Amino acid sequence: MKFRVERDVLADAVTWTARTLPSRPPSPVLAGVRLEADGTGLVLSTFDYEVSARSAVVADVEVPGAVLVSGRLLAEISKALPNKPVEVSVEGNRVSVVCGSSRFTLLTMPVEDYPSLPELPDVTGSIAGDSFAQAISQVTMAAGRDETLPLLTGVRVEIDGDALTMLATDRYRLAMRQITWSPAAPSVSRVALVRARTLSDVARNLSNAGSIDIALADGGDIIGFEAGGRRTTSLLVDGEYPPVRRLFPDETTTHTITSTHELVEAAKRVSLVAERNTPIRLSFSEGQVVLDAGQGDDAQATEVLESTLVGEEISTAFNPQYLLDGLSALNTDFVRLSFTHPSKPAVMTGQDDADGADHAEEFRYLLMPIRFGA
Amino acid sequence: MSRAPRSAGARRDWGSDDSQTPILHVDMDAFFASVELLSRPELRGRPVIVGGRRRGVVLAATYEARASGVHSAMPMTRARVLCPQAIVIAPDHNRYREMSRGVMRILGDITPVIEPLSIDEAFLDVSGARRRLGSPAVIAGRLRTRIAEELGLPASVGIASTKFVAKLASSHAKPDGMLLVPRDATVAFLHSLPVGALWGVGERTEATLARLAIRTVADLAHTPPDTLRAALGDSGGRRLLDLAWGRDPRAVEPVRREKSIGHEQTFAENLRDRADLAAVLLDQAHRCAARLRSGGLFAAGVAIKVRGADFTTLTRSRSLEAPTDVAHDLYQVARELLAGVAVPPGGVRLLGLRCESLSEAASTAVQVRLDDSGPERRDAELAMDQIRRRYGRSSLTAGSLLPVPTTENARGDLSC
């Protein structure tokens, strides 16, 4: 095997393909990246039985062939090379990487022992990369991080025609985002539980290539994403996701409208005195909201903001980080908080004007309050 | 029950100036025995001992039994020899705790500056209550009246300018009395006592001092400091000398907070069956939770203690997802901890459950879960508390803790 490739192209492709490689693989070949050169160019791939990555790039192939080398090492080498064409060739059980006056020799691993990558299911539809990335960031922040509750580390993805809905919860808050996409068939319907980190990775690494294809077989156990010559698949999370959608209250009795930016800034300031596990209190009354944190002998902070109240006065308390996560996910000038009772979850939605309607159908964030003792 | 030496012939009147004696030491008289007499008035006037019937030690004795030489912490066998006619009653600690709470509540009405020393004694600093309730001697009298009228129990009160002297005064006021030691009489009072009355002077120190011909506090007070230092060490010598002259700078510390609440049980026969062990933990979780609730506390951690037949002891602990005072939550974690421990080859000799990282319930922030089942479980356990308070501990228990006939599925699910 022998090929020539641009240094930046190689470095980008190897870095992305090798990004999920384990530092202590269960078997040595799983630390490798597979390079395959043929008439169409160079294909790099990795697979650890959970996540697969495949990247196709343009290369000037002299001798076709396939080889397996250490992914981590090749990634580090290619990033460190000078910005000149790179020539890669195989001699016996060694790979030589030559770039300008630099020359590296790497040992190969038995490529025939490498597992074959899972087949990508048929493409279910496609979605604009930037808006998909934004939608992903709006829900993944609410997903669980506790690996002992694997179900909650996933994001429930529901596809119904041209509507794609994502839900995530860590049992303390729940984020739900609906986005329009382009299904391959107009009446397609799919449900899957996708690891939050798989989606975050897609948002980070595939979203700047314009449109992303999503491949999800009905009843399959993997999901695939493809954009700009890169393709990744991931095992779905196994199990029945709890019926969380019904946690949103059917109707609320009180709602408040506040400037998102002002509330974020004030909440950040006031929560400086909120020690671990202590809440920030919000008291809404006619025309204003009072934020305060800290109690007793501890440091205390308070701030008053303009706010519109529709309904009864209400006072409640939240984990400051959970509150800020929701506010930061909104992307609208105003935030609407809707309540039924101070001890019941509050619904956060965004709206463009102080006196307009909210975009509840697009994004909803359900936030459980903190209560005090008995 | 205090064993501090008191001199029988000591003066019982040291003056009436209580303007500089804000410290009260309240000590219940033969507390456990007095509580038992409430439900068995026919035993009044007779020697009664509270303690284990077969083995164990004397926990409390009425003054009639003490007249025969019985005192607390004495082995029961010895007590029976000294006072064969005594009626022995097995202790009922729940009842004592309940009565103790009653006493502490009455003390709490006087001042929040209370330092409970044990289940049946406490220090009070009544400086702040003077204007509202009168002088320390008046307050002490009222306290004794209220405890007698509301609880039917005798209490002795010592009134002095320091904690140490107040405690000595209460022991000289017993039974069922009060003694004021005015500040100006402190030294005279102390100097009338044997040296064993001083805090920290036990049998060994007493013997050491006796070799120096120091038998009374007065002797000690007039011993050159260097002699004491040579005999008792630097700090020990100085401390005793301070006490002998009535110098005791320690304030009444109201926050002697419980650091943990636990229950443990040694089994008559070692347990091997995990279901049996789990049932014990469930029972202990209920006991701990009831104590948390009555103390207005939340626990943020749970630990279990498992002792094998060979006395090898393991402890395992974990933080709770959220602070709680609900037995169900404590038990869930305890059961998981138990699952991580192998049952020792000879079975389990002792099993214990302990609640840790306690905090005041009222000021503890709890992040509620979206799928929280709501207050139902807690409400159910609160209802259990009330029923038990009224009808006794055995009136109500978790279904899975009922003794059941040994049929298939007898144990059922323990997820109560």
Side-chain angles (χ1 to χ4, degrees), chain A residues 142 144 146 148-149 151-152 167-176 241-249 271 274-281 292-298 316-323 325-326 341-347 364-374, chain B residues 112 254-255 257 261 288-301 318-330 332-333 335-337 339-340 355 357-386:
Chain A
D146 182 354
T148 63
L149 296 167
L151 219 54
L152 299 185
L167 290 133
T169 180
D170 59 5
R171 301 192 291 176
Y172 303 112
R173 65 274 182 62
L174 164 62
M176 180 166 120
Y241 202 67
V244 295
R245 213 187 263 257
R246 68 173 185 205
L247 293 172
F248 284 105
S271 64
E275 288 179 34
R276 211 175 84 83
N277 295 334
T278 64
I280 180 169
R281 282 177 295 272
D292 78 285
Q295 58 173 347
D297 296 336
D298 300 331
T316 186
F318 297 116
N319 173 314
Q321 191 55 50
Y322 296 171
L323 178 69
D325 282 346
H341 186 270
S343 67
K344 292 271 170 12
V347 186
R364 274 190 279 171
Y365 184 67
L366 188 69
L367 181 54
M368 196 69 190
I370 281 179
R371 66 170 159 71
F372 280 92
Chain B
V255 275
R257 288 258 309 276
I261 281 180
C288 288
R291 282 177 63 191
L292 286 172
R293 289 189 293 267
S294 73
L297 296 170
F298 269 17
R318 185 181 300 168
S319 299
L320 289 157
E321 192 181 86
T324 188
D325 61 357
V326 178
H328 174 76
D329 301 343
L330 302 174
Q332 292 304 325
V333 174
R335 194 169 58 161
E336 284 171 33
L337 290 171
C355 301
S357 310
L358 305 186
S359 59
E360 297 280 343
S363 60
T364 302
V366 179
Q367 171 68 64
V368 189
R369 271 162 50 177
L370 285 166
D371 60 346
D372 196 71
S373 56
E376 288 83 5
R377 280 208 190 264
R378 188 167 192 279
D379 288 349
E381 292 188 17
L382 282 170
M384 282 172 78
D385 290 348
Q386 280 183 358

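In this text the structure is predicted, and so the values were computed from the model without any measurement. Convention: sequence-line order gives letters A, B, ...; per-chain numbering from 1.
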Q: Let me know if A/Tyr322 has heavy atoms under 4.5 Å from chain B in its side chain, its backbone, both or neither.
A: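 For A/Tyr322, side-chain heavy atoms alone lie under 4.5 Å from chain B.
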Q: Among all residues two or more places apart in sequence or in another chain, which pass the side-chain contact (heavy atoms from CB on, under 4.5 Å) test with A/Ala293?
A: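 By the side-chain contact (heavy atoms from CB on, under 4.5 Å) rule, A/Ala293 matches A/Val270, A/Val273, A/Ala274.
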Q: Let me confirm one number: the CZ-CG distance from A/Phe318 to A/Leu367, rounded to the nearest 0.5 Å.
A: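 If I round to the nearest 0.5 Å, the distance is 4.5 Å.
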Q: With side chains defined as the heavy atoms from C-beta onward, is the minimum distance between A/Pro279 and A/Leu323 less than 4.5 Å?
A: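 A side-chain contact under 4.5 Å is absent here.
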Q: Picking from B/Val368, B/Thr324, B/Leu370, which has the most non-hydrogen pairs under 4.5 angstrom with chain A?
A: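 Of the options given, most contacts go to B/Leu370.
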Q: Which residues pass the salt bridge (Lys or Arg N to Asp or Glu O under 4.0 Å) test with B/Asp385, not counting sequence neighbours?
A: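 Salt bridge (Lys or Arg N to Asp or Glu O under 4.0 Å) list for B/Asp385, sorted by chain: B/Arg293.
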Q: Can you say whether A/Thr169 sits under 4.5 Å from chain B via the side chain, the backbone, both, or neither, judging by heavy atoms?
A: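 Only the side chain of A/Thr169 comes within 4.5 Å of chain B.
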Q: Answer with side chain, backbone, both or neither: which region of A/Pro345 has an atom nearer than 4.5 Å to a non-hydrogen atom of chain B?
A: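 Just the side chain, heavy atoms under 4.5 Å.
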